[in-house]
Amino acid sequence: MRDPLSVLTDAFTSFLFGKVETTRLPVRTSTGQAQAVYLPTAAPGLGDSGVIIGREVYSGKGYIYDPFQLYGQQLPAPHWLVLGESGNGKSALEKTYVLRQLRFRDRQVVVLDAQGEDGVGEWNLIAQELGITPIRLDPMAALDMGIRLNPLDPAITTTGQLALLRTIIEVAMGHGLDERSGFALKVAHAYVNETIVERQPVLTDIVEQLRHPEPESAEAMNVDIDDVRAWGLDVALVLDRLVDGDLRGMFDGPTTVGIDLDAPLIVFDLSHIDRNSIAMPILMAIVGVWLEHTWIRPDRKKRIFLVEEAWHIINSPFVAQLFQRLLKFGRRLGLSFVAVVHHLSDVVDGAAAKEAAAILKMASTRTIYAQKADEARSTGRVLGLPRWAVEIIPSLTPGIAVWDVNGNVQVVKHLITETERPLVFTDRAMTESSADRDLTDDALRAAELEAEERAAAFVEAHMEQQHLGGSESTVA
């Protein structure tokens, strides 16, 4: 009961100023009736055509994404950049995305797998599940008749071969070729292609010709033969490393017969290559150009080229220039390039800042997992993210990311089915403690599974619709 003074004060105030507040009785109703009064609202999604990723955190709607369906309407380019600290779910996202895309008959995927455990790449389990043997590039295995990729493969155009040779040399040297060295390489390459017709030319032939150039090449430019030999000496020394040095065996012979370029999934296992050595960007350049000329074809297939540790590409100006051309060319033939990078600062502050900016501009889809606050601010500034998205990035939990699809920004929870779980989580031995295992064996794990069952059922139903629909990327 109110005290008399309060009642008197309210009465006097009402007399002077009139009634200033309306007293409303509470209304008791059901949620079914209330929803007609308090309408729920949510930002528009990306449509219902493509593969299911998970759920939007704020609205609870299913989040469906497919660059091939969105291209030309909501996306100016089908390329995708994935960022975030280790252990937040980047790898799990890419693996489930590939598995779900492969349910369409007109999809084909190439993965450059630069990470691994126990002597195999981390995509090895998925390859095994699909009955596919990864293409393992290993200098030691290559010496024992392992996998080889020939930069002078006749499947690559003459212009492409010369561009690839220049890139290999420039990456190894750390600077561009001068005109004289470039001339020596060009005449050696031309002579090898003209004279060796009974077999595939190989790098050894180029090295030999650089060491012993033909007099005709000097006469054509009215220079001394000793000058041509001197101009090509540094080039020969760099290529010799691929022939008789620490990188020998992988590129110094004819391309291995039997590589199935028609398989739905092609995995290049690079886990035996030192990620911090000069071999990695050289390897990525060779694989990228080789695929450009042998894999990408005008056959109406939709192709996905996924690169783990992609900073090896974006951070090298010479390799980045090759991939810029690949991205521009591949877009006309249905290629979606997916680059997975830990930190944007790894590339935007590197030696290839200009080339990195060009590749980032082509990526109309950006997915950002948890980062430290300063890194998040830098990422937001470079990618033009809204302020609210930048502020929540440091607080994101594993499996949740900010998705920016050409300006449509959402926070998305990635969902994984129980069928996919053992294929995508390959590092539990390192990341799971005994305390964690105890928790997952008790009520916490049971509650988690109960919460995920409904979401997983939603994913499974969507994937089954894809399977029944074949190449039609539409969910009924």
Peer 1: How many angstroms lie between CE in M284 and CD1 in I286, if you round to the nearest 0.5 Å?
Peer 2: 12.5 Å
Peer 1: Which distance, rounded to the nearest 0.5 Å, do you find between the CG of L344 and the CD1 of I368?
Peer 2: 9.0 Å
Peer 1: Rounded to the nearest 0.5 Å, what separation is found between the CG atom of L360 and the NE2 atom of H79?
Peer 2: 12.5 Å
Peer 1: Between V307 and V338, is the side-chain contact (heavy atoms from CB on, under 4.5 Å) condition met? List the steps.
Peer 2: CA-CA 6 Å; V307 182; V338 184; over 6 Å; no
Peer 1: Evaluate the side-chain proximity of R166 to L185: yes if any heavy-atom separation is below 4.5 Å, no if none is.
Peer 2: yes
Peer 1: Given P134, which partner from the list I266, L265, N124 fulfils the side-chain contact (heavy atoms from CB on, under 4.5 Å) test?
Peer 2: N124
Peer 1: If you take all heavy atoms of N150 and T255, which pair is closest and at what distance?
Peer 2: N-OG1, 3.1 Å
Peer 1: Does some side-chain heavy atom of T158 sit less than 4.5 Å from a side-chain heavy atom of L162?
Peer 2: no
Peer 1: Kindly determine whether R107 and D66 satisfy salt bridge (Lys or Arg N to Asp or Glu O under 4.0 Å), including the steps that lead there.
Peer 2: CA-CA 12 Å; R107 299 292 194 265; D66 191 299; 3.1 Å; yes
Peer 1: Could you check E308 against W123 for side chain to side chain donor-acceptor pair (under 3.5 Å), going step by step and ending with a plain yes or no?
Peer 2: CA-CA 11 Å; E308 303 272 8; W123 283 76; 3.2 Å; yes
Peer 1: Under the 3.5 angstrom rule, does the side chain of Q108 hit a backbone N or O of A263 as a donor-acceptor pair?
Peer 2: yes
Peer 1: Any donor-acceptor pair under 3.5 Å linking the side chain of T256 with the backbone of R148?
Peer 2: yes
Peer 1: Show the nearest heavy-atom pair for residues D240 and V207, with the distance to one decimal.
Peer 2: N-CG2, 4.1 Å
Peer 1: Tell me which pairs pass salt bridge (Lys or Arg N to Asp or Glu O under 4.0 Å) where either residue lies in residues 279-288, with sequence neighbours left out.
Peer 2: none
Peer 1: What's the separation between atom NE2 in H189 and atom CG in D205, rounded to the nearest 0.5 Å?
Peer 2: 11.0 Å
Peer 1: Drop me the distance from Q371's CD to S378's OG, to the nearest 0.5 angstrom.
Peer 2: 8.5 Å
Peer 1: Please, which pairs that meet salt bridge (Lys or Arg N to Asp or Glu O under 4.0 Å) have at least one residue in residues 76-90, sequence neighbours excluded?
Peer 2: E85-K372
Peer 1: So among R303, K301, K302, which one has a salt bridge (Lys or Arg N to Asp or Glu O under 4.0 Å) with D299?
Peer 2: R303
Peer 1: After noting the C-alpha distance and the side-chain angles of V202 and F251, does the key distance pass the side-chain contact (heavy atoms from CB on, under 4.5 Å) rule?
Peer 2: CA-CA 8 Å; V202 293; F251 315 113; over 6 Å; no
Peer 1: Considering only NZ, NE, NH1 and NH2 on the basic side and carboxylate oxygens on the acidic side, decide whether R100 and E420 come within less than 4.0 Å.
Peer 2: yes
Peer 1: Compare every heavy atom of V409 with every heavy atom of P386, then report the nearest pair and how far apart it is.
Peer 2: CD-CG2, 3.9 Å
Peer 1: Side chain of D269, backbone of G121: donor and acceptor closer than 3.5 Å?
Peer 2: yes
Peer 1: Report yes if some heavy atom in the side chain of V57 is under 4.5 Å from a heavy atom in the side chain of V412; otherwise report no.
Peer 2: no
Peer 1: Ignoring hydrogens, what is the shortest heavy-atom contact between L423 and K95? Give both atom names and the distance.
Peer 2: O-CD, 4.2 Å
Peer 1: Please confirm whether R366 makes a cation-pi placement over W80, using NZ or CZ under 6.0 Å from the six-membered ring centre and within 45° of the ring normal.
Peer 2: no
Peer 1: Counting C-beta onward and ignoring hydrogens, is there a side-chain heavy-atom pair between R377 and V390 closer than 4.5 Å?
Peer 2: yes
Peer 1: Can you tell if the side chain of L239 reaches within under 4.5 Å of the side chain of I206, non-hydrogen atoms only?
Peer 2: yes
Peer 1: side-chain contact (heavy atoms from CB on, under 4.5 Å) for I64 and L46? Distances and angles first, verdict last.
Peer 2: CA-CA 6 Å; I64 298 169; L46 300 175; over 6 Å; no
Peer 1: Closest heavy-atom contact between Q161 and L152?
Peer 2: NE2-O, 3.4 Å
Peer 1: Counting N and O atoms only, with roles assigned by atom type, does the side chain of T96 sit under 3.5 Å from a partner on the main chain of L93, one being a donor and the other an acceptor?
Peer 2: yes
Peer 1: Between R300 and D106, does any side-chain N to carboxylate O distance fall below 4.0 Å?
Peer 2: no
Peer 1: Would one find more than 12 heavy atoms of other residues, nucleotides or ligands at under 6.0 Å from atom CD of E179?
Peer 2: no
Peer 1: Heavy-atom distance under 4.5 Å between the side chains of F268 and V110, does that happen here?
Peer 2: yes
Peer 1: Under 6.0 Å from the CD atom of Q128, do we count more than 12 heavy atoms belonging to anything else shown?
Peer 2: yes
Peer 1: Using a 3.5 Å distance criterion without hydrogens, assess whether the side chain of T167 forms a donor-acceptor pair with backbone atoms of V319.
Peer 2: no
Peer 1: Check whether any side-chain heavy atom of L75 lies under 4.5 Å from a side-chain heavy atom of F68, and answer yes or no.
Peer 2: no
Peer 1: Measure the shortest side-chain to side-chain distance between F104 and V51 over non-hydrogen atoms and say whether it is less than 4.5 angstrom.
Peer 2: yes
Peer 1: I need the Y71 OH to N406 CG distance, nearest 0.5 Å.
Peer 2: 12.0 Å
Peer 1: Run the numbers on I304 and Q101 for side-chain contact (heavy atoms from CB on, under 4.5 Å), then give the verdict.
Peer 2: CA-CA 9 Å; I304 299 168; Q101 281 282 4; 3.7 Å; yes
Peer 1: E170 side chain to L177 main-chain N or O, any donor-acceptor pair under 3.5 Å?
Peer 2: yes
Peer 1: Between Q410 and D404, does the side chain to side chain donor-acceptor pair (under 3.5 Å) criterion hold? Intermediate values first, please.
Peer 2: CA-CA 7 Å; Q410 302 284 353; D404 177 7; over 6 Å; no
Peer 1: Identify the heavy atoms of W295 and L261 that sit nearest to each other, and give their distance.
Peer 2: CD1-O, 3.7 Å
Peer 1: CZ of R297: more than 12 outside heavy atoms within 6.0 angstrom?
Peer 2: yes
Peer 1: Would D226 and R229 pass as an ion pair if we require N to O under 4.0 Å?
Peer 2: yes
